[in-house]
Number of protein chains: 2
Amino acid sequence: MESEARLEETLGLVRGRGFRITTARRAVLQALVLGGSHMTAEDLAAMVQKSHPDIHLSTIYRTLESMEEIDIVDHVHLGHGRAVYHLTTDTHQHLVCEVCGSVLETPSRTFEQLAIDLRSAYGFELRTHHFAVLGRCKICSTGATPPANP
Amino acid sequence: MESEARLEETLGLVRGRGFRITTARRAVLQALVLGGSHMTAEDLAAMVQKSHPDIHLSTIYRTLESMEEIDIVDHVHLGHGRAVYHLTTDTHQHLVCEVCGSVLETPSRTFEQLAIDLRSAYGFELRTHHFAVLGRCKICSTGATPPANP
DNA sequence: ATCTTTGCAAACTTTTTGCACCAAT
DNA sequence: ATTGGTGCAAAAAGTTTGCAAAGAT
């Protein structure tokens with residue numbers, strides 16, 4: 001099983017950085033491995049609590065925070081408040097439809113040219129996969145309300 | 001005065017859409033015209049309250065909501081919670097440094113190629129100037145912690 | 001044994017809402 | 001005179017924190 005190996009590898013990193021391996025951390029990382037890459041803290045809590053009902057939401061937040069410190073996890077704000085979390089090994093972008101809320105993934109490569117442009121024009125180092133791109137998905141953009149974009 | 005004209009023009013749109021012109025709306029739109037394009041609701045409240053101390057923050061939010069409905073105002077989430085608001089006539093992008101928080105503006109044109117790519121690959125209509133781009137500014141990216149980006 | 005991490009409850013921040021009053025048309 | 005807008009206070013929604021107890025090393 002690929003995902004098992006991925007979990008163990010990640011746990012190795014955690015230990016390597018001097019952090020303890022706890023039930024909560026194992027469970028959260030497992031949920032991140034299995035659950036895809038648009039999981040909110042609450043999604044993760046729900047998933048984790050299926051097997052470990054007393055792992056508290058605040059523990060999820062603290063775990064995520066620790067994992068971000070050591071670059072194992074990253075989060076993205078999809079626009080309307082709640083953040084979504086994913087393993088840093090998932091390198092992709094989110095295209096979020098602001099009409100229907102659907103999320104499309106695209107490889108980071110799509111943003112390479114933009115990164116180059118911003119670097120040369122402004123010295124700005126784009127952190128791809130740390131922001132969501134808003135717009136309208138194929139279905140919603142061909143519907144009644146056309147995009148109000150120039 | 002250019003900004004006066006801009007305010008009156010905007011108020012015309014408000015009236016044209018069947019919305020009433022109130023002291024609060026005039027004041028908020030004025031603040032948006034004068035205050036630049038990274039103003040949070042609180043920033044706007046502070047600005048408005050200099051001359052109209054009893055315009056409540058909740059009124060600011062409701063005004064912004066109404067103005068968004070009729071496409072006069074748009075907002076962007078800069079990552080860490082609070083949203084910033086701007087007139088839709090300000091068409092530019094925000095490059096937000098996730099280390100120092102500074103905000104750089106870039107013309108929408110910078111994102112034209114990306115918009116074209118996303119449209120052809122996914123049928124996704126990018127809404128430029130509705131998202132913030134996170135990364136590290138020139139100063140912060142040459143400092144101690146290098147960007148963790150491939 | 002030590003020092004991290006957790007559970008809980010409570011605080012916090014940003015935004016939204018219910019309701020009675022006020023004001024623009 | 002109507003009906004839409006506002007002030008206030010209180011509720012949501014999402015996240016963070018203080019503290020004492022539990023758990024990993």
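So that the names make sense, note that chain A is the first sequence line, chain B the second, and so on, each numbered from 1. Fair warning: this is a prediction, and the values are worked out from it, not measured in the lab.
The aromatic rings of A:Y61 and A:Y85 sit perpendicular to each other, their planes meeting at more than 60°, with 30° as the lower class boundary.
Looking at B:R6 and B:T89, their side chains do bring a donor and an acceptor atom within 3.5 Å of each other. Between the side chains of A:H94 and A:E105, no donor-acceptor pair of N or O atoms lies under 3.5 Å.
For the pair B:E65 CD and D:dG5 C1', the interatomic distance rounds to 13 Å; values are reported in whole Å. Atom CZ of A:R15 is separated from atom C1' of D:dA24 by 10 Å (rounded to the nearest Å). To the nearest angstrom, C1' of C:dT14 lies 13 Å from CZ of A:R82. Following rounding to the nearest Å, B:H75 (NE2) and C:dT14 (C1') show an atom-to-atom distance of 12 Å. Rounding to whole angstrom units, CD1 of residue A:I70 and C1' of C:dT4 are separated by 13 Å. Put simply, CG on B:L29 is 14 Å from C1' on D:dG5, counting in whole angstrom units. The distance from atom CZ of B:F19 to atom C1' of D:dT6 is 15 Å, rounded to the nearest whole Å.
A:L114 and B:I116 are assigned to two separate hydrophobic clusters, defined by single-linkage of ILVMFWY side chains at heavy-atom distances under 4.5 Å.
Residues B:L95 and B:V103 are not in side-chain contact: their nearest non-hydrogen atoms beyond the backbone lie 4.5 Å or more apart. In this structure, the side chains of A:D74 and A:H86 come closer than 4.5 Å at one or more pairs of heavy atoms.
Listed in residue order, the members of residues 40-60 of chain A having a heavy atom less than 4.0 Å from DNA chain D are A:L57, A:S58.
Atom CD of B:E8 sits about 11.5 Å away from atom CG of B:L13, to the nearest 0.5 Å.
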Polar atom pairs (N or O), protein with nucleotides 21-23 of chain D, under 3.5 Å:
residue	atom	partner	partner atom	Å
D:dG23	N2	A:R20	NH1	2.6

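Distances shown here put a side-chain N or O of B:Y61 below 4.0 Å from the OP1 or OP2 atom of C:dT15.
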- Message: Between B:L44 and B:L64, is the side chain to side chain contact (heavy atoms under 4.5 Å, CB included) condition met? List the steps.
- Response: CA-CA 10 Å; B:L44 290 167; B:L64 291 168; 4.0 Å; yes

- Task: Begin with the C-alpha distance, continue with both residues' side-chain angles, and end with the deciding distance and a verdict on side chain to side chain contact (heavy atoms under 4.5 Å, CB included) for B:F111 and B:T106.
- Result: CA-CA 9 Å; B:F111 293 78; B:T106 113; 3.8 Å; yes

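Proximity note for A:R62 (side chain, C-beta onward) versus D:dC8, C:dT6, D:dT15: the nearest is C:dT6.
Two residues, B:I21 and A:R25, neighbour DNA chain C, and the one matched to the more 5' nucleotide by heavy-atom proximity is A:R25.
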